[in-house]
Participant: 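Starting off with a structure, shown below.
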There are 2 protein chains.
Amino acid sequence: MKKDTRSMLITAAAELLDQGGPASVTLREVGKRAGVSHNAPYKHFESKDNLLAAVAARELARMSETMDMSSGGKVTIAAVRRVLHAYIDWARTYPARFHLTFGPLPGADVEQKTTAGESRKLLVALVGAAQKADLLPGANADRMASLLQALAHGAADLALNGHLSATGKGRAEPEDLVDDLLRYLRASVRAS
Amino acid sequence: MKKDTRSMLITAAAELLDQGGPASVTLREVGKRAGVSHNAPYKHFESKDNLLAAVAARELARMSETMDMSSGGKVTIAAVRRVLHAYIDWARTYPARFHLTFGPLPGADVEQKTTAGESRKLLVALVGAAQKADLLPGANADRMASLLQALAHGAADLALNGHLSATGKGRAEPEDLVDDLLRYLRASVRAS
DNA sequence: ACCTGAACACCGTTCAAGT
DNA sequence: ACCTGAACACCGTTCAAGT
């Protein structure tokens with residue numbers, strides 16, 4: 001059960017983010033949670049921004065795992081749907097982590113974007129399989145994956161901040177919009 | 001040319017945001033730019049968060065105007081495309097304002113979301129017209145507008161932070177994804 | 001009604017010193 | 001190699017006082 005300080009600092013920062021938002025993530029509080037002094041983080045990270053970047057990197061990897069599991073093994077259009085829904089669910093469960101992970105990070109690294117690319121490979125593979133089964137249009141799989149991710153991301157972000165049309169008949173949850181898009185895409189295959 | 005202090009404070013904050021990111025927006029610097037002391041803002045806003053919320057509100061209104069103009073008067077699918085491209089263009093030109101406006105705001109107000117709703121009415125109207133011309137599927141116009149806005153928003157946000165697939169043949173700019181979506185949606189009309 | 005200057009608590013960061 | 005305590009500059013906020 002013994003964890004190294006570096007890992008504990010990242011965990012402490014993520015928990016503080018969940019509980020009180022970005023403003024409550026101070027190095028003093030992070031240190032206290034990890035059982036070290038308020039400037040011990042500087043032995044593991046160059047700055048606070050770098051610690052936050054490490055939180056984002058870990059979160060990206062974990063989300064990737066969650067999406068992996070939620071695909072359910074089977075390679076169908078339903079798997080694409082489940083992965084996108086899992087993405088939205090993760091954003092809703094950890095809004096502050098979501099915002100940190102995909103927001104502008106001063107301490108960002110080239111390594112980060114590579115990891116982000118890793119987490120997309122599953123989606124690209126699922127999309128490719130769905131295309132061969134004529135369940136998605138036969139465009140470049142990477143670009144189709146970008147389209148799907150962009151919609152899921154945008155819908156989640158807008159909903160999280162109350163900018164999605166929320167009244168009356170036109171009301172739609174992020175998951176609804178994902179389902180709408182998949183339906184339209186499938187319909188457009190038949191038209192070609 | 002005389003502007004009231006409140007308006008100057010908002011302008012100063014927005015400019016600082018553009019030039020140095022959120023970290024450089026301090027009340028001391030805002031005050032200096034507006035020609036007042038570092039705590040004069042408290043006579044116009046309850047807190048720094050409220051000042052930032054005012055910046056976001058103004059930005060939302062301005063973006064709405066920009067989108068209005070870019071629709072070009074004509075009510076066609078091309079107008080929908082232009083409005084969505086204008087949204088992306090605004091995000092690219094003022095990334096920090098974009099992030100502030102649509103990010104989580106502690107000083108947020110109910111009024112804000114109403115304004116956001118106002119800025120969407122144009123898009124909903126354009127979508128409704130395009131639907132009648134069989135250029136978009138005949139779903140609820142509000143929900144279709146959400147789908148389009150969510151994609152434009154997500155594509156812009158991901159691209160801004162380097163999370164959009166950026167290498168090889170699958171590379172797509174936010175504008176490309178908007179065009180892709182409009183094409184698929186139109187194709188799906190023919191399939192029904 | 002609007003503004004100022006001093007003051008307070010808090011934060012990120014640095015540094016000398018300890019093991 | 002990792003950690004601590006004191007110190008520094010800076011920031012949001014408050015307050016007494018001025019017009």
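As the structure is a computational prediction, the values presented were derived from the model and not from experiment. Just so we're on the same page: letters track the sequence lines, and every chain starts at 1.
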Participant: Find the distance L16(B):CG to dC10(D):P and express it as a whole number of Å.
Facilitator: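 Distance check: L16(B) CG to dC10(D) P gives 16 Å.
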Participant: In this structure, how many angstroms lie between the C1' atom of dA9(D) and the CD atom of E29(B), rounded?
Facilitator: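 Atom CD in E29(B) sits about 15 Å away from atom C1' in dA9(D).
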Participant: Does V189(B) belong to the same Ile/Leu/Val/Met/Phe/Trp/Tyr cluster as L185(A), with side-chain heavy atoms less than 4.5 Å apart forming each link?
Facilitator: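 In one cluster with V189(B): L185(A), no.
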Participant: Reading DNA chain D from 5' onward, which residue's closest nucleotide shows up sooner: R28(A) or V36(A)?
Facilitator: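 Closest to the 5' end, via its nearest nucleotide, is V36(A).
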Participant: For a side chain to side chain contact (heavy atoms under 4.5 Å, CB included) with V30(B), tell me which candidate from V36(B), V25(B), I10(B) qualifies.
Facilitator: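 With V30(B) as partner, side chain to side chain contact (heavy atoms under 4.5 Å, CB included) holds for just one option, V25(B).
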Participant: Rounded to the nearest angstrom, tell me the gap between atom CD in E46(B) and atom C1' in dG12(D).
Facilitator: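 My rounded result for the distance is 15 Å.
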Participant: Start at the 5' end of DNA chain C and walk down; is the nucleotide closest to K43(A) or to D49(A) reached first?
Facilitator: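 Taking each residue's closest nucleotide, the earlier one in sequence belongs to D49(A).
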Participant: Could you tell me how far apart L52(B) (CG) and dC11(D) (P) are, to the nearest whole angstrom?
Facilitator: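 So the two atoms are 15 Å apart, to the nearest Å.
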Participant: Under 4.5 Å between side-chain heavy atoms, counting indirect links through other Ile/Leu/Val/Met/Phe/Trp/Tyr residues: same cluster for L135(B) and L147(B) or not?
Facilitator: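 Same cluster: L135(B) reaches L147(B) through Ile, Leu, Val, Met, Phe, Trp or Tyr contacts under 4.5 Å.
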Participant: In Watson-Crick or G-U wobble terms, both distances under 3.5 Å, what is the partner of dA6(C)?
Facilitator: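 Check on dA6(C): paired to dT14(D), both distances under 3.5 Å.
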Participant: Take atom OH of Y42(B) and atom P of dC11(D), then tell me their distance rounded to the nearest Å.
Facilitator: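 Going from Y42(B) (OH) to dC11(D) (P), I get 13 Å.
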Participant: Counting only side-chain nitrogens and oxygens, does H44(A) get under 4.0 Å of the OP1 or OP2 atom of dC3(D)?
Facilitator: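 Yes, because at least one side-chain N or O of H44(A) sits under 4.0 Å from OP1 or OP2 of dC3(D).
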Participant: D4(B) CG to dA1(C) C1': how many Å, rounded?
Facilitator: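 These atoms are roughly 14 Å apart.
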Participant: Between S24(B) (side chain only) and L16(B) (backbone N and O only), is there a donor and an acceptor less than 3.5 Å apart?
Facilitator: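 Yes; judged by distance alone, with no hydrogens or angles, the pair exists.
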Participant: Measure from CG on L27(B) to C1' on dT14(D) and round the result to the nearest Å.
Facilitator: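 In whole Å, dT14(D) C1' lies 13 Å from L27(B) CG.
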Participant: Does dT13(D) have OP1 or OP2 sitting under 4.0 Å from an N or O in the side chain of H38(B)?
Facilitator: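 Checking dT13(D) against H38(B), no side-chain N or O comes under 4.0 Å of OP1 or OP2.
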Participant: When we call it a touch if two heavy atoms are under 4.0 Å apart, what does V25(A) touch: a base, just sugar-phosphate, or nothing?
Facilitator: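 Answer is sugar-phosphate: V25(A) comes under 4.0 Å of backbone atoms only.
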Participant: Determine: side-chain N/O of K48(A) to OP1/OP2 of dG12(C), distance under 4.0 Å, yes or no.
Facilitator: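 The answer is yes; a side-chain N or O of K48(A) sits under 4.0 Å from OP1 or OP2.
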Participant: Looking at T26(B), I'd like to know whether one of its side-chain N or O atoms comes within less than 4.0 Å of OP1 or OP2 on dC10(D).
Facilitator: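 No, outside the criterion.
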Participant: Can you find a donor-acceptor pair, distance only, under 3.5 Å between N39(A) side chain and dG5(D) base?
Facilitator: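 Pair found.
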Participant: I need the CG-P distance between L51(B) and dT13(D), as an integer number of Å.
Facilitator: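 Interatomic distance, CG of L51(B) to P of dT13(D): 10 Å.
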Participant: List the steps and the verdict of salt bridge (charged side-chain N to carboxylate O under 4.0 Å, His left out) for R183(B) and D180(B).
Facilitator: CA-CA 5 Å; R183(B) 210 176 312 117; D180(B) 284 357; 3.3 Å; yes
Participant: Is the phosphate of dG12(D) approached by S47(B) (side-chain N or O, under 4.0 Å from OP1 or OP2)?
Facilitator: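 Checking S47(B) against dG12(D): no side-chain N or O falls below 4.0 Å of OP1 or OP2.
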